[in-house]
Amino acid sequence: MPILGILTQFMRGHPLPIFGLFEIASPLSADRSLARSLKDAHGWLADGILILAALHAGAAILHHWVLRDNTLRRMLPISR
């Protein structure tokens with residue numbers, strides 16, 4: 001996902017800012033249609049990661065409250 005974000009920035013013809021300290025100039029020529037496609041893929045992957053994180057959290061809660069096993073407790077560093 002970060003690579004798609006960087007490529008999107010470069011394909012727009014914009015430099016890549018690095019924490020506001022400096023910028024890396026785009027080594028690629030601008031292509032707006034490819035930049036739009038990369039941005040869409042970047043967005044889909046971001047949504048997928050958020051959905052996966054929500055499912056993971058839901059599974060942890062299911063184990064803790066419904067199945068009542070020690071899966072969630074074993075993941076917490078304080079329980080060791």
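Side chains of His64 and Arg73 form a contact here, defined as non-hydrogen atoms less than 4.5 Å apart.
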Donor-acceptor pairs are to be reported for all side-chain atoms of residues 15-22 against protein atoms at under 3.5 Å, with residues two or more places apart or in another chain.
none

Can you give me every donor-acceptor pair (side chain of residues 48-57, partner residue at least two apart or in another chain, under 3.5 Å) with its distance?
none

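A continuous path of Ile, Leu, Val, Met, Phe, Trp and Tyr side chains, each step under 4.5 Å between heavy atoms, connects Ile24 with Leu28, placing both in one hydrophobic cluster. Linking Ile, Leu, Val, Met, Phe, Trp and Tyr whenever their side-chain heavy atoms come within less than 4.5 Å leaves Leu62 and Leu72 in two separate clusters.
Residues forming a side chain to side chain contact (heavy atoms under 4.5 Å, CB included) with Thr71 (at least two apart in sequence, or on another chain): His63, Asp69, Arg74, Met75. Here Ser33 pairs with Asp31, Arg36 under the side chain to side chain contact (heavy atoms under 4.5 Å, CB included) rule; sequence neighbours left out. Under the side chain to side chain contact (heavy atoms under 4.5 Å, CB included) criterion, Leu38 pairs with Leu4, Leu7, Thr8, Met11, Leu34, sequence neighbours left out.
Summarising the geometry, atom CD belonging to Gln9 is positioned 6.5 Å from atom CZ belonging to Arg12; distances are rounded to the nearest 0.5 Å.
Counting Ile, Leu, Val, Met, Phe, Trp and Tyr side chains that sit under 4.5 Å apart, directly or through other members, Ile61 shares a hydrophobic cluster with Trp65.
Listed here is the closest heavy atom pair of Ser26 and Phe10: OG-O, 2.9 Å.
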